[in-house]
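Before any comments, here is the structure.
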2 protein chains.
Amino acid sequence: MNPNVDEAMDFINKFHKFKPDKTMVLLIGDCMVDYHGRARSFLDRGERIIMIKQDGTVLVHQPTMREPVNWQPSGSITDFEVNSQHLVMKSRHNRPPEKMKITFHKIISVMICILRDQAKVIISGMETDVVNEISNNPSIIEDGFRICKKEMHVKSGLIDLYGYDRDYIPVVIEVKRSIASISAVQQLRMYVSDVKKDIESASVRGILCAPRIPEMSRDLLYKIILISYSFFVLPKNH
Amino acid sequence: MNPNVDEAMDFINKFHKFKPDKTMVLLIGDCMVDYHGRARSFLDRGERIIMIKQDGTVLVHQPTMREPVNWQPSGSITDFEVNSQHLVMKSRHNRPPEKMKITFHKIISVMICILRDQAKVIISGMETDVVNEISNNPSIIEDGFRICKKEMHVKSGLIDLYGYDRDYIPVVIEVKRSIASISAVQQLRMYVSDVKKDIESASVRGILCAPRIPEMSRDLLYKIILISYSFFVLPKNH
DNA sequence: CCTTGAATATCGGTG
DNA sequence: CACCGATGTTCAAGG
């Protein structure tokens, strides 16, 4: 705890420098951050946690907020040096070109560790799950509904689900996992219009599936004569 | 380092439990993570870094990737308990409802600290900067172009820039800092359609400004008879 | 509160 | 490698 600059530098040189892809660095200290890349930023002095991951990712975390205030993408190369009594950390990334410089005014803690983690997270309840759910059980939508294609490419993009209703009318389904905004309605509208042109049919239905469809979106749906469904498919246990 | 369960629990009770909004916890250990909320997820055992921030944010970081593999939003409440020889961390959030449970099988390190950080990051080179750049020098777009309004509200949203070309034809400009996707074209299309209605003019041009406009977006742009510009405005120094 | 849209978005999948 | 679209997106701004 509270190492001086040379102690910190020695520690990093000993345990991290020659195997940056195997060791993580956790630095806590008073520092300032400069970033030049896709954008530019400056962060004045303050106490933060800096994490260098084994894939080269660098994160700078302030004491609040989910998002790092500054970061470097994975594949970045990070070097340390001592510059007029300060520990300086420089990180570079090639494509896209990004540089970040952290100047430490006080080092509260340096920690280096090797983490072994083979596990991959299993997530359920996302958009593909809902699409599959409907695909396996099309009557969720309505009786007599049949799926024809998943992820069908049309001019304006990718249709989530395409099928026919009990009267053989073509149906385009757009699935959203979160609130369906106006742009979702626009998206569906474009898809329906694309399909109409492609198959030269006057009647193509559009269905919007979402946990919630706000009034504004609903209004627009009705206005452009699409039938909408608002429903919530609970994420399944895995 | 390598504290046992009771030592870790005592340490957390002593330094974090009664002032969670003032202290951060950094836990390193072998753990598994369950999450139930907007979606569901399970992460099997592995060594990770867990960070509890002063605003209640919780981050679970694997040794690679910029994104936390699991997290809780700010405002979450986190409690610790010992359950059949394991340190268990439970975090709750109200709106939206989210629960995360971390079960530790081995604790490599527990660290608690108070970070003082008042600084706010200053960023330049973002979309508003490009909008201002064009606003200050409209001839970037084309000769004789004049800006009329920034961030003009219309039915479907917010127009980045609104103006007239040399022939007094109204022009809507949509600025993107990254690749202009189909949805950007949709957005522009809506804005142009809104303006046409609002001012009852048959001819309104749309211009899409982006560092790159892919072929599919370009096709859609031409299809709906909008003139597009693809160019890159470098972020200024601040 | 809600809705809208940007982001140094990040990330995975597909062609 | 380009490109599309989801994300437990997060986050800030404005009505």
Side-chain angles (χ1 to χ4, degrees), chain A residues 33 35-41 57-60 64-74 76 93 95-100 120-121 123-131 151 153 156-160 174-184 187 211-212 214-217 235, chain B residues 33 35-41 57 59-60 64-74 76 93 95-100 120-121 123-131 151 153-160 174-184 187 190-191 212-218 235:
Chain A
V33 186
Y35 155 76
H36 287 223
R38 285 169 288 182
R40 286 167 190 214
S41 77
T57 305
V58 183
L59 305 173
V60 181
T64 60
M65 293 282 142
R66 199 210 95 129
E67 290 301 301
V69 63
N70 280 108
W71 71 93
Q72 285 286 102
S74 73
S76 298
H93 189 268
R95 279 154 63 95
E98 315 242 44
K99 282 195 293 186
M100 188 173 69
K120 288 199 169 65
V121 70
I123 307 179
S124 63
M126 290 195 299
E127 202 193 77
T128 46
D129 298 300
V130 178
V131 169
E151 302 192 346
H153 286 266
S156 351
L158 210 61
I159 293 175
D160 286 330
E174 174 60 30
V175 177
K176 288 287 165 212
R177 271 293 296 164
S178 51
I179 298 162
S181 64
I182 301 267
S183 65
Q187 210 179 334
R212 196 156 59 85
E215 206 182 323
M216 268 183 88
S217 302
Chain B
V33 186
Y35 155 76
H36 287 222
R38 285 169 289 182
R40 284 168 191 215
S41 77
T57 305
L59 305 173
V60 181
T64 60
M65 294 282 144
R66 199 211 99 134
E67 289 301 301
V69 64
N70 280 109
W71 70 93
Q72 285 286 103
S74 73
S76 298
H93 189 267
R95 281 154 64 98
E98 314 241 43
K99 282 196 291 186
M100 188 173 68
K120 287 200 169 64
V121 68
I123 306 180
S124 63
M126 291 193 299
E127 203 193 77
T128 45
D129 298 296
V130 177
V131 168
E151 302 194 343
H153 286 267
V154 288
K155 189 130 192 174
S156 0
L158 210 63
I159 293 175
D160 286 330
E174 174 61 29
V175 176
K176 289 287 164 212
R177 273 288 297 161
S178 53
I179 298 164
S181 65
I182 303 254
S183 63
Q187 211 179 336
M190 283 301 292
Y191 295 155
R212 201 151 53 83
I213 300 179
E215 207 181 321
M216 259 183 98
S217 302
R218 214 171 282 249

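Letters go in sequence order (proteins before strands), and every chain restarts at 1.
Taking 4.0 angstrom as the limit, A/K176 places none of its side-chain polar atoms (N or O) nearer than this to OP1 or OP2 of D/dG5.
If you check every strand for non-hydrogen atoms under 4.0 Å, A/S183 touches nothing. Looking at heavy-atom distances under 4.0 Å, B/Q187 makes contact with sugar-phosphate atoms alone, never a base. Here B/E151 lies out of heavy-atom contact (under 4.0 Å) with every strand. Across all strands shown, A/I182 has heavy atoms under 4.0 Å from sugar-phosphate atoms exclusively, and none from any base.
The CD atom of A/E127 sits 11 Å away from the P atom of D/dG5 (whole-angstrom rounding). With rounding to whole Å, B/Y35 atom OH is found 12 Å from D/dT7 atom P. Distance A/H153 NE2 to D/dG5 P: 9 Å, rounded to the nearest Å.
Between B/L158 and B/M100, the residue anchored closer to the 5' end of DNA chain D is B/M100, taking for each the nucleotide with the nearest heavy atom. The residue among A/P214 and B/S178 whose nearest nucleotide of DNA chain C is located toward the 5' end is A/P214.
For the 3.5 Å distance criterion, the side chains of A/E98 and A/Y35 qualify, holding a donor opposite an acceptor.
Here the closest non-hydrogen pair linking A/L158 and A/E151 is CD1-O, 3.7 Å. Among all heavy-atom pairs drawn from B/S217 and B/I182, the shortest one is OG-N, 3.4 Å.
Looking only at distances, a side-chain donor or acceptor of A/R177 sits under 3.5 Å from a matching main-chain atom of B/R38. Looking only at distances, a side-chain donor or acceptor of A/H93 sits under 3.5 Å from a matching main-chain atom of A/P96.
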* To do: Report the C-alpha distance between A/V69 and B/K120 in whole Å, list the side-chain angles of each, state the deciding distance to 0.1 Å, and finish with yes or no for side-chain contact (heavy atoms from CB on, under 4.5 Å).
  => CA-CA 9 Å; A/V69 63; B/K120 287 200 169 64; over 6 Å; no
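The same atom, C1', is picked in C/dT14 and in D/dG8; the two are 24 Å apart, to the nearest Å.
Annotation: the span from B/I159 atom CD1 to B/M190 atom CE amounts to 10.5 Å, rounded to 0.5 Å. We find the NE2-OG distance between B/H36 and B/S41 to be 8.0 Å, quoted to the nearest 0.5 Å.
Contact footprint of chain A on DNA chain C: nucleotides with an atom under 4.0 Å from a non-hydrogen protein atom, first to last in 5' to 3' order, C/dT3 to C/dT10.
A salt bridge is defined here as a Lys NZ or Arg NE, NH1 or NH2 lying under 4.0 Å from an Asp or Glu carboxylate O, and A/R66 with B/E67 meets this definition.
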Atom pairs, N/O to N/O, protein against nucleotides 10-13 of chain D, distance under 3.5 Å?
unit_1 : atom_1 : unit_2 : atom_2 : d
D/dT10 : OP1    : B/R38  : NH2    : 2.9
D/dT10 : OP1    : B/W71  : NE1    : 3.0
D/dT10 : OP2    : B/R38  : NH1    : 2.9
D/dC11 : OP1    : A/R66  : N      : 2.9
D/dC11 : OP1    : A/E67  : N      : 3.1

